[in-house]
There are 2 protein chains.
Amino acid sequence: MATIRDVAEQAGVSVATVSRVLNDNGYVGAETRKRVMAAIEGLNYSPNEVARSLYKRESRLIGLLLPDITNPFFPQLARGIEDEVHRAGFRLLLGNSDEEASKELEYIQTFLQNQVVGIMSATNNTDSENYTNLDLPVVFLDRVSKQHPSVYADGIEGGRLAARTLVERGSKRITLIKGPGHIQPAMDRFQGALAVLSEAEVDFSVLSTSSYAFDDARTWAEELFAKYPDTDGVIASNDIVAIAILHEALRLGRRIPDDLQLIGYDDIPFSSLSYPSLSTIRQPAYEMGKEAAKLLIRMIQKEKEVEQTIQLPVTLIERNTTRKVDPNA
Amino acid sequence: MATIRDVAEQAGVSVATVSRVLNDNGYVGAETRKRVMAAIEGLNYSPNEVARSLYKRESRLIGLLLPDITNPFFPQLARGIEDEVHRAGFRLLLGNSDEEASKELEYIQTFLQNQVVGIMSATNNTDSENYTNLDLPVVFLDRVSKQHPSVYADGIEGGRLAARTLVERGSKRITLIKGPGHIQPAMDRFQGALAVLSEAEVDFSVLSTSSYAFDDARTWAEELFAKYPDTDGVIASNDIVAIAILHEALRLGRRIPDDLQLIGYDDIPFSSLSYPSLSTIRQPAYEMGKEAAKLLIRMIQKEKEVEQTIQLPVTLIERNTTRKVDPNA
DNA sequence: CACCTTTGTGTAACCGGTTACAGATAATTT
DNA sequence: AAATTATCTGTAACCGGTTACACAAAGGTG
């Protein structure tokens, strides 16, 4: 690998001049610039980011911490982030926390050690000292916090919307699936739905689940029909669980949406491909990623007046696991 | 941020001694070590990776280049990689290439600029000079190459297996979906299936598709039934496409697997949750990631006798979009 | 006891960029 | 024409680690 000194020698100038050409700052004569360019070309030189980072005390890397890239909500989010961050010339350091505090800490540590310019994190401990003491830009994903800006979709409203949808469409014995208690957005949507159900004239039960994992989803589905065989409406904790329930319901011969209505949460790509296609509450994951990245980049560029939070809309995506509302009602 | 000099001063020793304590090499007196440890603790010191990388001429980062993290095959793969790489103390720099040569080059460039210790890539240009001229460990994912070690599952065999399965179970008018021509594994599985169908006593047609994207999958599905309405067996290019076809088939009232058999490819997590659950050819994505990471790490550690390729088995996962074989046959 | 080896520690060069500062020349202003 | 300002370039310090080398003291050997 050629270094800046090789280039300087080749072009017959000092390293400072090469650096000026590279960064396009300071004065450089037209003729000199040409010679330097030629030397760069000739040596196929490309500057060492590590050296630059050391002096600048910051790299062009951004740390991205997700619970688990294997959960289909996150690839969308990550992709939105990556597209935006890439455009701005940054690169991503990726970590999976598995919602474990130790892994989270470890990653934040290595992010710092690598002098990232900013951190994006979907964590449940937004107020942990892992983040409060950081003096670099942080954006929380899909979570809210007082400490740092956040990009999220309103889970409480989403939960309400899900519940209202089932109620309006006539489900009378609703089962509400409560997601993992330590995941903040899971609780939000649960609370939102719970509030609506409490005030509606319906019977309902709550089924408590402890994970979003694919392998467990089938278990929750079986448990659901074992415990509440006569339920006629299910508000799932997310689309994975919803689709597992849909699967189980069809296996048991339930007619959807006639016997049983079902609504998911997230609108992951697969939800439109299930059959019947899944009605769900959409969180715009890709856009959330994009917005979060844009926000972080603005912070990195030290712009004034950066929003503290960006709330994206949750929307009802009516597909075919819910009935159509009576247009005369 | 405290530096090694702060620690040295605090402990009343030289930076060399602190470095020796940190890296546990060279001689350090027991008493001195204790003082240094205390200073590290007291200052909450954590070494700057960037400075270390600069001197060592390599970081502890590994570059991972994937076509698109949004394709459900890759998160599994990425997770396998991440778990293994993390255990060994490395971190991941992630990039999406979108199968575009320019993005690919750009990422490889920045990987090098950041002095990664190794690169893992799922590319279609394994023999491009992007890779041939690299003098650092490279492992190809899901692809084969002469230049560098690869971890892959045998696509040709997988394609054969898929085709044999449909033929054996009695489909007579098979539609074979050909995936994007520029994606090597897509071609492999296509060729494998094609070979089997050519020799079998069945009619078959080929439907050519140009992407794996979710949004397009529905289009292929519609096209399929428009062009070949009387097909009774579909070999899909991957599970996304298979599930889209399943959706469309059910929408059109086809009985599965009685009227139409369907087999996918990959065994992504959702394939077991479709209804009927999808029969498919499994590629062990997570394990592939793990193996690839282990291989790369061995190369990084300059072990002798590192395998050049690791081939993982493709297996038939018989679920409910294919009929059971007649046990008397 | 002279000699060699092991142990313990510090000094300073080095990795490859960036930039403060200084000095020289050219262009502009008054 | 003198003073001022703009343009161009180089020297060397700096970022924060690692390590070659030097040196001193302690321990072991014949």
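In the text below, chain A, chain B and the rest are named by the order of the sequence lines, each starting its count at 1.
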- request: Quick one: which residue pairs count as a side chain to side chain donor-acceptor pair (under 3.5 Å) with a foot in residues 22-34 of chain B, not counting sequence neighbours?
  value: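 For residues 22-34 of chain B: Ser19(B)-Asn23(B), Asp24(B)-Arg33(B).
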message: Show every side chain to side chain donor-acceptor pair (under 3.5 Å) that has at least one partner inside residues 37-50 of chain B, sequence neighbours left out.
response: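 Of all non-adjacent pairs touching residues 37-50 of chain B, those that pass side chain to side chain donor-acceptor pair (under 3.5 Å) are Gln113(A)-Ser46(B), Gln115(A)-Asn48(B), Glu49(B)-Arg60(B).
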Other residues, nucleotides, ligands: >12 heavy atoms within 6.0 Å of Glu303(A) CD: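 Result for CD/Glu303(A): enclosed.
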field: Identified stems (criterion: three or more consecutive Watson-Crick or G-U pairs, under 3.5 Å), DNA chain C
entry: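 Ordered by first number, the stems with DNA chain C (at least 3 consecutive pairs each) read C:1-30 with D:1-30.
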message: Near DNA chain D, counting only heavy atoms under 4.0 Å, which residues of residues 36-47 of chain A show up?
response: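 Heavy-atom cutoff 4.0 Å gives no residues at all.
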Roughly how many Å is it from [atom1] in [X] to [atom2] in [N], rounded to a whole number?
X	N	atom1	atom2	answer
Gln113(A)	dT18(D)	CD	P	11 Å
Glu9(A)	dG16(C)	CD	C1'	15 Å
Glu58(B)	dT19(D)	CD	C1'	15 Å
Asp24(B)	dT19(D)	CG	P	13 Å
Arg35(A)	dT9(D)	CZ	P	8 Å
Asn23(A)	dA20(C)	CG	P	12 Å
Leu22(A)	dT18(C)	CG	P	6 Å
Glu31(B)	dT7(C)	CD	C1'	16 Å

message: Would you say Thr110(A) and Arg91(B) are linked by a side-chain donor-acceptor pair, where the criterion is simply a distance under 3.5 Å?
response: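 Yes, a side-chain donor-acceptor pair sits under 3.5 Å.
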Mind checking whether [X] and [Y] have side chains closer than 4.5 Å, heavy atoms only?
X	Y	answer
Leu296(A)	Phe90(A)	no
Gln147(B)	Asp127(B)	yes
Thr123(A)	Leu65(A)	no
Leu141(A)	Ile81(A)	yes
Leu93(B)	Leu61(A)	yes

- prompt: Where along nucleotides 8-15 of chain C does protein come under 4.0 Å, by heavy atom, of base (B) or sugar-phosphate alone (S), with - for untouched nucleotides?
  reply: BBBBB-BB
message: Between Arg87(B) and Asp83(B) (salt bridge meaning N to carboxylate O under 4.0 Å), is one present in this structure?
response: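 No salt bridge links Arg87(B) with Asp83(B).
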query: Applying salt bridge (Lys or Arg N to Asp or Glu O under 4.0 Å), which residue pairs with at least one partner in residues 285-297 of chain A are found, sequence neighbours left out?
result: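 Residue pairs with at least one partner in residues 285-297 of chain A: Glu84(A)-Lys290(A), Arg282(A)-Glu287(A), Glu291(A)-Lys294(A).
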